[in-house]
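Read through the structure below, which is laid out as C-alpha cells, and then see the notes.
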Protein chains: 2
Amino acid sequence: MKDVAAAAGVGLKTVSRVVNGEAGVSEATAGRVRAVIDQLGFRRNDGARLLRQGARTGSVGLLLEDVADPFYSQLSRAVEEVVRAHDSLLLTGSSAEDSARERALALGFCARRVDGLIVVPTSADHAYLAPEAAAGTALVSVDRPMPGLEVDTVLADNRAGAVAGTAHLLRQGHRRIGYLGDAPDIFTAAERLAGYRQAMADAGCPVEEPWIAMGRPDPLGLRFALARMLSDPHPVTALMCGNNRTTVAVLRELAGRQERPALVGFDDFELADLLAVPVTVVAQDPALMGRTAAELLFRRLRGEPAAPQHILVRTRLIPRGSGEIPP
Amino acid sequence: MKDVAAAAGVGLKTVSRVVNGEAGVSEATAGRVRAVIDQLGFRRNDGARLLRQGARTGSVGLLLEDVADPFYSQLSRAVEEVVRAHDSLLLTGSSAEDSARERALALGFCARRVDGLIVVPTSADHAYLAPEAAAGTALVSVDRPMPGLEVDTVLADNRAGAVAGTAHLLRQGHRRIGYLGDAPDIFTAAERLAGYRQAMADAGCPVEEPWIAMGRPDPLGLRFALARMLSDPHPVTALMCGNNRTTVAVLRELAGRQERPALVGFDDFELADLLAVPVTVVAQDPALMGRTAAELLFRRLRGEPAAPQHILVRTRLIPRGSGEIPP
DNA sequence: GCCAACGACGACAACGTTGTCCTCGTCGTC
DNA sequence: GACGACGAGGACAACGTTGTCGTCGTTGGC
C-alpha cells in the first residue's frame with residue numbers, strides 16, 4: 001500500500017479510501033490510484049484489516065469426521081452455502097474421529113480468529129473450547145452433542161429412527177435381528193443401538209449379545225461379525241446397520257455370501273434404490289442438518305438466542321425392499 | 001496479552017516468550033505466566049503474529065466445483081491430508097461451475113493471504129490470478145488446466161480414458177454408441193468427447209450427431225436425450241457416460257425404461273460393482289490427483305521446481321458387466 | 001472583501017504480535 | 001574486591017491496515 005501511495009503521489013489513507021470505495025476522493029485521484037493498484041497488482045491484506053478493525057473475520061470453521069463420507073460431504077456443502085450467503089469463508093478439517101486431531105484443528109481455527117465453529121464432536125471432553133466460547137466464538141455442535149460444553153446443537157432423532165427401522169423388521173415377522181453399528185463411544189452409534197434395543201424390548205423380543213457388533217466399519221471386522229451372526233446354528237434373519245459406511249460395507253460382504261437376510265440401513269445413500277434388492281433405509285437429511293447448524297451459528301453471531309438451542313431433525317423410514325423380506 | 005502481562009507482573013515480551021516456548025524465561029516466571037494464561041483463557045492471535053512475521057500463513061485454499069460430488073470430496077480429503085501433514089489449514093470453496101463465484105472465492109482466499117491455491121478451474125480466463133502468482137502465492141490446477149495462466153497442473157488422461165472406454169464397447173460389437181457428457185465448455189467433458197470421437201473414427205464407425213448429448217447432468221435433460229437415442233428407429237445399443245454424475249443419473253433414468261443398452265461410465269463410483277448389472281467404468285484416482293496437487297503446491301512453496309509442472313494421472317478401465325453386453 | 005462551510009486529503013495512533021537491542025542483577029574468577 | 005560473563009526480562013519499533021482528527025484551499029453568501 002505504501003508503494004501504491006508513493007507511486008500515485010498520495011497519502012496512505014487515500015489509497016485505503018479508494019480500495020474501500022469510501023467517499024472523499026476526487027474521481028481524478030481515485031482513477032490514478034486505481035491505475036497504480038492494477039499496475040502493481042496490489043491486494044489489500046485482510047489480516048491487517050481485521051486486526052485493525054477488531055471486527056469479525058468473516059470466516060467459519062467446520063470440523064467433521066471425514067469430508068469424503070457422503071453424509072458429511074453433503075452436510076459440508078450445505079454449511080458452505082449458508083456461509084457464502086453471509087459473505088464468509090469456510091475452513092474445513094477432518095478429525096478422523098481422533099480427538100487430539102480435532103482439538104488441534106479447532107484451536108488452529110480459533111487462533112485464526114474464526115467467527116464461529118461448527119463441529120461434529122468426538123466423544124472426548126470439549127471443555128478446552130470454553131475460553132473460545134467466552135471470547136465470543138460461536139459454537140455449534142452438529143450430528144452429536146458436544147461433551148463438556150453447553151452449545152447450540154443440531155441432532156437427528158437417532159433413537160426414534162433406529163426404533164422405526166427395527167420395528168419395521170419386526171413387523172415383517174423377524175425376531176432374530178442383528179445390529180451392526182459404529183464404535184460405541186460415538187454418540188449416534190450408542191443412541192441407535194439403544195433404539196434397536198428399545199424396539200426389540202417393546203416387541204418382547206430378547207436380544208442375544210452375539211447379534212450385536214459395534215466398531216469402526218472395516219471389512220475384516222464386519223466379515224467376522226457377519227459370519228458369526230449368519231452361520232450360527234440359530235442365525236439372525238435380518239440386519240440393522242448403524243450408518244451408511246456400515247451398510248455399504250455389509251452389502252459388499254453379503255455379496256460374497258449365500259445368505260440374504262432382510263436389511264435396514266441407517267442413513268440413505270446414493271443408488272440404494274437401484275441395487276438388485278433396493279435397500280430400505282432410515283434416512284437422515286444431512287443438508288438440512290448442515291444448513292440448520294450454519295444458520296444457528298449466524299443467528300448466534302447476531303446475538304439472537306439467549307440460551308443454547310437444541311434442534312432435533314427428524315428421520316424418515318424409506319421402505320425399498322431389503323427390509324420387506326420375510327424371515 | 002497485555003492483560004496477561006499485567007496480571008502476571010511481567011512484560012509483554014515475556015508472555016510472548018512463554019507462549020512460544022522460547023528460552024530466556026525462568027521456570028518460576030513461566031509457570032506464573034502459564035497460570036494466568038489458563039485463567040484468562042488467553043489465545044495467541046495468529047493474524048497479528050503472521051502480520052508481524054511476514055511469513056507464510058500456514059493456510060491453503062481449495063476451490064472446486066462441488067464438495068458434495070464424491071469425486072471432489074475424495075480429492076478434497078486427500079488434499080486435506082497433505083495440507084495437515086504440512087501443519088497448514090485448509091480453506092474450501094465450491095464454485096458450482098460459476099466463474100464469478102470462483103473468482104470471488106479465490107480473491108477472498110488470497111486477501112486472507114493463503115500460501116497457495118489448489119483450483120479446479122472453470123473455463124473462464126484466470127489471468128486475474130497473475131498478481132497473486134507474482135506475489136508468491138503457489139497455484140496448482142487440478143482436474144483441468146487453468147485458462148490464461150501457466151501453473152502446475154495435474155490432469156487425468158481424459159482422452160485416453162474415453163478412447164479405452166469406447167473401444168471396449170466397440171470390441172463387444174457395438175457400432176451405434178451414444179455419448180452423454182457434461183457441458184462442453186468444461187475441459188474434461190470436451191476431452192472425453194474427443195476421445196469418444198477418436199475411438200469411433202479409429203474403428204471406422206461414423207458418429208451420428210443425435211447420439212451425442214452434452215450438458216449439465218439434470219434428470220429432465222437426460223431423460224429427453226435418452227428417449228431420443230433409444231427410441232429412434234435406429235437406436236443406439238450402447239452408452240458412454242462422461243462422468244460419475246451423468247452415469248448415476250443415466251442409471252436412474254434407465255431403471256424407468258425397458259431398454260438395457262450396454263454402458264461404460266467415466267469415473268468409478270461407490271456400489272458400481274453391486275448393482276444388478278455391475279457397471280463397467282473408466283476409473284480415475286481422485287485421491288491420487290488431490291495428493292499429487294497438494295504435494296506439488298508444497299514443493300512449489302519450498303521453491304523447488306523452476307518451470308510449471310504438468311502431471312498426467314492414468315485412468316484404468318474396470319470391466320464389470322454393463323460394458324460387456326453385446327448389441 | 002470577509003468569513004463560514006465544505007471537500008479533499010494526509011499525519012498519526014492503534015490493532016496484537018515478535019525481533020532487536022538494552023538494562024540490570026548475580027555469580028564466578030583472579 | 002574488581003571485572004567480565006551470563007541469564008532474565010523489558011522497551012520499542014514494525015508488520016499493513018483504518019479511524020480520528022487536523023490542515024489546506026476553494027467556494028458561496030452577504
Side-chain angles (χ1 to χ4, degrees), chain A residues 1-34 36-37 40-59 107-108 110-115 131-132 135-137, chain B residues 1-37 40-59 107-115 131-132 135-137:
Chain A
M1 201 158 107
K2 259 192 314 207
D3 302 342
V4 175
V10 300
L12 278 173
K13 185 67 228 227
T14 300
V15 179
S16 171
R17 276 191 265 256
V18 171
V19 170
N20 297 305
E22 284 173 34
V25 183
S26 71
E27 198 39 57
T29 313
R32 195 152 35 93
V33 171
R34 268 192 287 270
V36 176
I37 286 178
L40 266 53
F42 165 79
R43 302 278 199 252
R44 183 178 62 196
N45 183 331
D46 269 4
R49 173 190 171 77
L50 267 339
L51 177 60
R52 171 63 235 248
Q53 302 202 133
R56 303 247 114 101
T57 59
S59 58
L107 291 178
C110 290
R112 251 66 164 204
R113 291 294 185 268
V114 291
D115 298 332
E132 330 297 332
T137 307
Chain B
M1 201 157 107
K2 261 192 312 206
D3 302 340
V4 175
V10 299
L12 278 174
K13 184 70 229 228
T14 300
V15 179
S16 171
R17 275 191 265 255
V18 172
V19 170
N20 297 305
E22 285 174 32
V25 183
S26 71
E27 198 38 58
T29 312
R32 196 151 37 92
V33 172
R34 268 191 288 269
V36 176
I37 286 179
L40 266 54
F42 165 80
R43 303 277 199 252
R44 183 178 64 197
N45 182 332
D46 270 6
R49 173 189 169 79
L50 266 341
L51 178 59
R52 172 63 236 249
Q53 301 202 135
R56 302 247 114 100
T57 59
S59 58
L107 291 178
F109 289 171
C110 289
R112 253 61 166 208
R113 292 295 185 268
V114 291
D115 298 331
E132 331 296 332
T137 306

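First the proteins, then the strands, lettered A, B, ... as listed; each starts at 1.
- Among the protein residues, A/V19 comes within range of no part of the nucleic acid, since none of its heavy atoms lies under 4.0 Å from any strand.
- Here the C1' atom of nucleotide D/dT20 and the CZ atom of A/R17 are 11 Å apart, to the nearest Å.
- Computed from coordinates, the B/L50 CG to D/dT17 P distance equals 14 Å when rounded to whole Å.
- As a whole-Å value, the separation of B/I37 CD1 from C/dT17 C1' is 13 Å.
- A/S16 has a side-chain polar atom (N or O) that falls below the 4.0 Å cut-off from OP1 or OP2 of D/dT18.
- When the side-chain nitrogen and oxygen atoms of A/S26 are compared with OP1 and OP2 of C/dG7, none of them lie within a distance under 4.0 Å.
- The backbone N or O of B/A8 lies less than 3.5 Å from a partner atom in the side chain of B/R32, making a donor-acceptor pair.
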Polar atom pairs between nucleotides 12-16 of chain D and protein, under 3.5 Å, N or O only, would you list them?
unit_1: D/dC15; atom_1: O2; unit_2: B/R52; atom_2: N; d: 3.2
unit_1: D/dG16; atom_1: N2; unit_2: A/A48; atom_2: O; d: 3.3

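- Checked against side-chain contact (heavy atoms from CB on, under 4.5 Å), B/A30 has the following partners two or more places apart in sequence or in another chain: B/V18, B/V25, B/E27, B/R34.
- In this structure, the nucleotide among D/dG10, D/dT18, C/dG10 sitting nearest to the side chain of A/N20 is D/dT18.
- Phosphate proximity of D/dA8 to B/T29: absent, as no side-chain N or O sits under 4.0 Å from OP1 or OP2.
- Between its opening and closing five pairs, the helix from C/dG1-D/dC30 to C/dC30-D/dG1 changes axis direction by 50°, a value rounded to 10 degrees.
- Comparing B/A23 and A/D46, the nucleotide of DNA chain D nearest to each residue sits closer to the 5' end for B/A23.
- Contact between the side-chain N/O atoms of A/T14 and the OP1/OP2 oxygens of C/dC9 is not found at any separation under 4.0 Å.
- Rounding to whole angstrom units, CD of residue B/E22 and P of C/dT17 are separated by 14 Å.
- Note: B/N20 CG to B/R49 CZ = 5.0 Å, rounded to the nearest 0.5 Å.
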